[in-house]
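Working notes, beginning with the structure itself.
Any value given below was found using the heavy atoms of this structure, including those in side chains, with hydrogens, waters and symmetry copies removed.
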Amino acid sequence: MTAFAVPGARVETALSRGLLLVAVILASLTEAIASTLLSLGRADIIGDIYATPDEFAWLDVGYTAFKLIGFALAPWLLTRIEARRTLLGATLVMGVACALGALVVHLDILIFLRLVQGLAGAILLVSGQALLFWSFSAARQPAVQALFAMGAVVAPATLAPVLQGWLIDTHDWTWILFGVFPVALAAAGLLLLSEAPPPPAVPHRDLDLAGLAGLATALFAAAFLLSQGNRWDWLEASRINWSIGLVFLGGVLFAVRQRRAAEPLFDLAVFRTEDFAFAFVVSFVAGAALFGSAFLIPAFALSVLGFTATEAGALLLPSGALFAATLLLAATLIQARWISPLMTVPFGILTVMTAMWMLSGSSGESGAHDMMPAILLRGFGLGCLFLSITLIAFSKLPPAALAFGIGIFNIGRQLGGLIGVAGLQTLIDHQTVANQAVLGAAISSGSTATGERLSAITTMLVARGMDAAQATKAAGAMLGRSVAGQSAVIAFDTAFNAVALLFIVAAPVIVAVKKGLARSAARRGAAESHKDRIS
């Protein structure tokens, strides 16, 4: 009897864990859709809720800030509540909050619901990824984490924009939020059907409220600073200076509590693991590249090339497909032990850098076919990079410290992305103004070339039936728009180059960090062996 029961039990266990994996991927997909809601639907949402740009900004700031706070809170929560229950609760909260956001189109309520969505999204990502590490063996983690990355990383960068663009063009932005609800229900149903092995024994921790308050203050102010600083010209506005002050004060309070509290908010012992510390630094830089390039490409398509929301979203879809395929290829090679995760990191960095350099040659006449080789190369490079970083970061962490590592790692990647996008937005705005000044001076009204161009445009307009005086005025306006468009093209090309240069600057730093961590680990090992010999 036993001989026949064991294979059946194994099949049942494999099925249950397969359901668990699909449930986690679907749960992460709800966060992907919610997190990218504002990227393409900004104008439609402002019009529907009658919000000013300042009021609308809180929808973005609130979600981002509470997502960061959720990354900090989730590890503590997992010491009190079993991971599968935590994931189930956070997924249902996300689904209900999105459905209510689609039904109640009112600014104040929508802001509150965005806070709830950000908090729930972070908790479901941390609990879901921790559950996968605890439920599957180390040998299976490359494939498992590759599939998880499709929902947590690939979807928000590629699939979500095209889906949202299509819904905005054919229906309206509330359908994006409506779409989250059935996905959340499906994830919750699969979670109830699946079973997970008992989580590792993690001692219950008291919540360090003072430390959480300090960190929450710093993260909220940082989210406002990085997402709104460019709108207010950074240090020129008092509200930005106040934000910098709150980041500093909150950070100091958090640091003091981390040092003095009996049970601090974070278990910073994870940084003693050399691989985690190295992967954290790489992920911070990679986050800037991922979020920065995901912002640049659709923004260039919308503002310069005149794409619709659907077309701009679809531009990243082939990149996402190659991103996902490369994740699976890397997982296969790593799981078969043909390559080490560390081997693909420099290759991924070099590939993404090359893709951004290729995009820097785009012009106002470029089309999707001109940009596609670089976009595909970007997807391939990110696929090589992100799975390896994840495996390097968490494979050697003790199970009890894993959730803390995931929370800290995600905060670093998110902050890196915010810094990358903020820097690129500022660069584009400043470069556009500077380029307009230079080009405007070059085509001053006294130049022969300018006169000939204006005359040609005027003649063309008159030939089409326009009055001569109106044609002269319209010709000047058309030339001005041409200058503005070319200024924007040059600014975006500079920004694409900036992402490529980021890796050139960061590569030596990453190598230095890796060597420094290796030396530190060697010294600790020597000191421990010396103690053992003495004892």
Starting at [atom1] of [X], measure out to [atom2] of [Y] and round the result to the nearest 0.5 Å.
X      : Y      : atom1 : atom2 : result
Leu185 : Leu190 : CG    : CG    : 11.0 Å
Phe254 : Leu249 : CZ    : CG    : 15.0 Å
Phe148 : Leu327 : CZ    : CG    : 12.0 Å
Thr64  : Leu415 : OG1   : CG    : 10.5 Å
Ile123 : Ile69  : CD1   : CD1   : 11.0 Å
Leu209 : Leu265 : CG    : CG    : 9.5 Å

Looking only at atom types and distance, does a side-chain atom of [X] sit under 3.5 Å from a main-chain N or O of [Y], one as donor and one as acceptor?
X      : Y      : answer
Thr326 : Leu322 : yes
Arg114 : Phe66  : no
Thr390 : Phe386 : yes
Ser319 : Ile375 : yes
Thr426 : Asn230 : no

How far apart are the closest heavy atoms of [X] and [Y], and which atoms are they?
X      : Y      : value
Ala355 : Arg378 : CB-N, 3.6 Å
Val61  : Ser227 : CG2-OG, 3.3 Å
Ala65  : Phe220 : CB-CD1, 3.4 Å
Ala331 : Pro142 : CB-O, 3.4 Å
Leu359 : Ala374 : CG-CB, 3.6 Å
Ala83  : Trp134 : CB-CZ3, 3.8 Å

Between Phe409 and Phe276, how do the two ring planes meet: parallel, tilted or perpendicular, split at 30° and 60°?
-> tilted
In the structure I gave you, are the side-chain heavy atoms of [X] and [Y] within less than 4.5 Å of one another anywhere?
X      : Y      : answer
Phe291 : Gln414 : yes
Gln129 : Val24  : no
Trp76  : Thr79  : yes
Leu73  : Leu207 : yes
Val421 : Leu296 : no
Phe323 : Phe380 : no
Ser35  : Lys67  : yes

Would you check, one step at a time, whether the test side chain to side chain contact (heavy atoms under 4.5 Å, CB included) holds for Ser137 with Gln141?
-> CA-CA 7 Å; Ser137 65; Gln141 286 304 323; over 6 Å; no
Determine, stepwise, if the pair Phe136 / Leu21 fulfils side chain to side chain contact (heavy atoms under 4.5 Å, CB included).
-> CA-CA 10 Å; Phe136 292 87; Leu21 175 59; 4.2 Å; yes
With Ile389, which of Leu385, Leu387, Ile392 fulfils side chain to side chain contact (heavy atoms under 4.5 Å, CB included)?
->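 When side chain to side chain contact (heavy atoms under 4.5 Å, CB included) is applied between Ile389 and each of Leu385, Leu387, Ile392, only Leu385 qualifies.
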Of Ile339, Ile334, Leu342, the residue whose pairing with Ser388 passes side chain to side chain contact (heavy atoms under 4.5 Å, CB included) |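 So the option named by the test is Ile334.
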Among residues two or more places apart or on two chains, list those pairs meeting side-chain hydrogen bond (donor to acceptor under 3.5 Å, both in side chains) that have a residue in residues 201-223.
-> Asp208-Arg257
Just do the side chain to side chain contact (heavy atoms under 4.5 Å, CB included) check on Leu350 and Met353 with the steps written out, would you?
-> CA-CA 5 Å; Leu350 181 62; Met353 183 179 69; 3.4 Å; yes
Would you say Phe112 has more than 12 foreign heavy atoms packed within less than 6.0 Å of its CZ?
->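 No.
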Within a reach of under 6.0 Å around CZ of Arg80, are more than 12 heavy atoms found that belong to other residues, nucleotides or ligands?
->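 Buried by this count: over 12 neighbours within 6.0 Å.
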Run the ring-centre check on Phe224 versus Trp58 and record whether the distance is less than 6.0 Å.
-> yes
Step-by-step side chain to side chain contact (heavy atoms under 4.5 Å, CB included) determination, Leu59 to Tyr63 | CA-CA 6 Å; Leu59 295 174; Tyr63 184 93; over 6 Å; no
Could you verify whether a donor N or O on one side chain and an acceptor N or O on the other, from Gln117 and Glu31, lie under 3.5 Å apart?
->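 Absent: no donor and acceptor within the cut-off.
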